[in-house]
Structure formats: C-alpha cells, structure tokens
Amino acid sequence: MARHYWLMKSEPSIFSVQDLAKKPRRTASWDGVRNYQARNHMMAMKKGDGVLFYHSSDDPVGVAGIALVVKEAYPDHTARDRKSEYYDPKATEEKPRWFMVDVRWEATFPDLVTLDSLRRNPKLRGMLILRKGNRLSVTPVTASQFAAVRAMGKPSAA
DNA sequence: GCCAACGTTGGC
DNA sequence: GCCAACGTTGGC
C-alpha cells in the first residue's frame, strides 16, 4: 500500500501546528472543511499518510510543520451542530455531507518554510499551492515534493 | 483593504 | 442545464 502525501491549510490564528502539538496525544480532528474537492481529498486519505501543515493568512505564510493521518474520514459532527460556525442544515445523520480526518503532530519546523522559498525551489514546480488563485485547503502533493519541503524545514523531531 | 480566482446559489 | 450574482479564500 503506497503512502500518500497532502498539504492542509489552516489559519494559525485559529489552529496552528503549535496548537496541534499541545493537544492530548498531539492529535486533533480536522473539522470545518466545507468544500467538496477538499473533502474528497480527505476521504481519499489513508492512515499513515503524510501531511504538510500550512499556515495561511499569516505573515509570512508557509509550511510550518508535518503531521500524520491517524484516522481516516468520518462524519464532521460540527456540520450538525447548530451552534457551530460550520453548521450546515443540509447535513444529516444518513447523509453527513462533510467529513474530517484525525491528524497527529509529527514535527514543527524550526523556521517556517515560506511560500516565497517554496516558489524558489525548482523541485517544487507544479505544486498546487503555488498555482495562482489556488484556494483549495486540502491538496495532494507528490512524495518528492513532500520530501523536498521536509528537507527545507529541517525538523529536529521526527 | 484590494482584488483575482474560484465555488455556490437560484432564477429561468 | 445555463449563467449572473453573490460569497469566500487568501496573497499581497
């Protein structure tokens, strides 16, 4: 079974890789995804897949660390919680519509791998995050892209 | 705050 | 099913 790799965006003011590291078991559910393409990518994730944890809407933006998929897609309960900002009246128990995965912290980069530095790395040509106008919060990356970004981040822990 | 690039919604 | 209007994302 081949391992697959992904990039997931989060606004660090809401949830950062440092927040993930502080969670019990360093694990959290990735809730609140409300885009079908992103959801479909999450539904394709398998236990053990690698995740580049990207900080968006920050200064600067970039990949902040590495996480690991530890639980495959299951219904996102926030879609059925009226009090949640992610509430979706069209989500039902039979048809949950939205799903999430659990990810576990694996590493925080000593220094953020900035979007600018990603752009400068020729090995990362074609990476979806680098495409103009890309807004997708969950995107696949290749094994070599994943390895190149991890090398740029020089994580002390693994 | 601006705006490009989408995705979604709803009238027809 | 089309598509205009609208809303959102996210870099700058």
Side-chain angles (χ1 to χ4, degrees), chain A residues 4-23 28-45 49-69 72-103 105-142 144-146 148-155:
Chain A
H4 288 90
Y5 300 91
W6 311 90
L7 180 144
M8 299 178 90
K9 293 182 191 172
S10 182
E11 297 190 20
S13 61
I14 296 168
F15 190 71
S16 67
V17 73
Q18 290 83 3
D19 293 332
L20 178 61
K22 286 182 214 148
K23 287 275 180 183
S29 53
W30 203 277
D31 61 16
V33 170
R34 295 294 178 270
N35 170 286
Y36 288 107
Q37 246 185 297
R39 180 206 67 179
N40 292 346
H41 286 317
M42 283 204 302
M43 292 177 86
M45 290 181 183
D49 282 1
V51 174
L52 298 174
F53 197 125
Y54 183 90
H55 283 178
S56 64
S57 298
D58 199 17
D59 188 20
V61 296
V63 178
I66 306 275
L68 194 70
V69 175
E72 296 174 10
Y74 62 107
D76 180 344
H77 56 79
T78 63
R80 302 194 59 234
D81 175 3
R82 285 178 180 278
K83 290 176 194 155
S84 170
E85 61 173 310
Y86 302 122
Y87 176 65
D88 180 352
K90 289 180 185 164
T92 65
E93 193 173 357
E94 306 77 49
K95 293 193 169 185
R97 190 139 110 142
W98 303 115
F99 290 80
M100 58 191 183
V101 295
D102 286 357
V103 298
W105 178 89
E106 193 164 297
T108 298
F109 294 156
D111 296 299
L112 188 83
V113 176
T114 64
L115 180 59
D116 195 54
S117 65
L118 296 175
R119 287 216 168 92
R120 290 171 198 277
N121 188 338
K123 288 181 185 167
L124 301 179
R125 283 260 181 112
M127 205 172 158
L128 291 171
I129 191 80
L130 303 181
R131 287 226 305 237
K132 190 182 178 188
N134 169 60
R135 301 182 308 162
L136 202 54
S137 63
V138 181
T139 49
V141 298
T142 66
S144 63
Q145 287 167 348
F146 183 88
V149 174
R150 185 171 50 193
M152 291 168 83
K154 299 181 179 65

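Proteins come first, then strands; the chains are lettered A, B, ... in the order of their sequence lines, and each starts at number 1.
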Enquirer: For A/R34, answer base if it contacts any base atom (sugar-phosphate contacts may also be present), sugar-phosphate if it contacts only those atoms, and nothing otherwise; contact means non-hydrogen atoms under 4.0 Å.
Expert: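 Result for A/R34 = nothing.
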Enquirer: Check whether any side-chain N or O of A/Y54 sits under 4.0 Å from OP1 or OP2 of C/dG11, and answer yes or no.
Expert: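 Affirmative; the distance criterion is met.
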Enquirer: Produce the list of close N/O pairs, under 3.5 Å, pairing protein atoms with atoms of nucleotides 1-5 of chain B; give distances to one decimal.
Expert:
unit_1: B/dA5; atom_1: OP1; unit_2: A/K132; atom_2: NZ; d: 3.2

Enquirer: Can you tell me the distance, in whole Å, between the CG atom of A/L136 and the P atom of C/dG10?
Expert: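 Roughly 9 Å, once rounded to whole Å.
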Enquirer: Expressed as a whole number of angstroms, how long is the span from A/I14:CD1 to C/dT8:C1'?
Expert: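 Computing the A/I14:CD1 to C/dT8:C1' distance gives 13 Å.
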Enquirer: Choosing from B/dT9, C/dC12, C/dG10, which nucleotide comes nearest the side chain of A/K90?
Expert: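 Looking only at heavy atoms from C-beta outward on A/K90, the closest nucleotide is B/dT9.
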Enquirer: Rounded off to whole Å, could you give me the CG-to-P distance for the A/D88 and B/dG7 pair?
Expert: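 From A/D88 CG to B/dG7 P: 18 Å.
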Enquirer: Rounding to an integer number of Å, can you tell me how far A/I129 CD1 sits from B/dC6 P?
Expert: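 From A/I129 CD1 to B/dC6 P: 13 Å.
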Enquirer: Is A/D88 salt-bridged to A/R80, going by a charged N under 4.0 Å from an acidic O?
Expert: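 Answer for the salt bridge query: no.
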Enquirer: Identify whether any heavy atom of A/Q37 sits under 4.0 Å from a base atom; if not, whether one sits that close to sugar-phosphate; answer base, sugar-phosphate or nothing.
Expert: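 Contact class for A/Q37: sugar-phosphate only.
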Enquirer: Just how far, in rounded Å, is C1' of C/dT9 from CG of A/L115?
Expert: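 Taking CG of A/L115 and C1' of C/dT9, I get 14 Å after rounding.
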Enquirer: Are A/S137 and A/M8 close enough that some pair of their side-chain heavy atoms sits under 4.5 Å apart?
Expert: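 A/S137 vs A/M8: side chains apart.
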Enquirer: If the condition is salt bridge (charged side-chain N to carboxylate O under 4.0 Å, His left out), which residues does A/D116 pass it with, not counting sequence neighbours?
Expert: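 A/D116 satisfies salt bridge (charged side-chain N to carboxylate O under 4.0 Å, His left out) with A/R120 once adjacent residues are dropped.
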Enquirer: Under a 3.5 Å cutoff, is there a donor and acceptor pairing between the side chains of A/W30 and A/D102?
Expert: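 Their side chains do not contain a donor-acceptor pair, so the 3.5 Å distance test is not met.
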Enquirer: Over how many whole Å does the gap from A/E11 atom CD to C/dT8 atom P extend?
Expert: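 Interatomic distance, CD of A/E11 to P of C/dT8: 13 Å.
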Enquirer: In whole angstrom, give the distance that lies between atom CG of A/L118 and atom C1' of C/dG11.
Expert: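 About 14 Å, once rounded to whole Å.
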Enquirer: Any side-chain N or O of A/K9 under 4.0 Å from OP1/OP2 of C/dG10?
Expert: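 Affirmative; the distance criterion is met.
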Enquirer: Among A/F109, A/F146, A/F53, which residue satisfies the side chain to side chain contact (heavy atoms under 4.5 Å, CB included) criterion with A/V63?
Expert: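 Looking at A/F109, A/F146, A/F53, the match for A/V63 under the side chain to side chain contact (heavy atoms under 4.5 Å, CB included) is A/F109.
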Enquirer: Grab the CG-C1' distance between A/D116 and C/dC12 for me, whole Å please.
Expert: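 After rounding, the reported distance stands at 12 Å.
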Enquirer: Could you check A/M127, A/M45, A/H41 and say which one makes a side chain to side chain contact (heavy atoms under 4.5 Å, CB included) with A/P140?
Expert: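 It is A/H41; the other options fail the test.
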Enquirer: When you compare the side chain of A/W6 with that of A/D49, does any pair of heavy atoms fall below 4.5 Å?
Expert: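 Result yes, sub-4.5 Å side-chain heavy-atom pair found.
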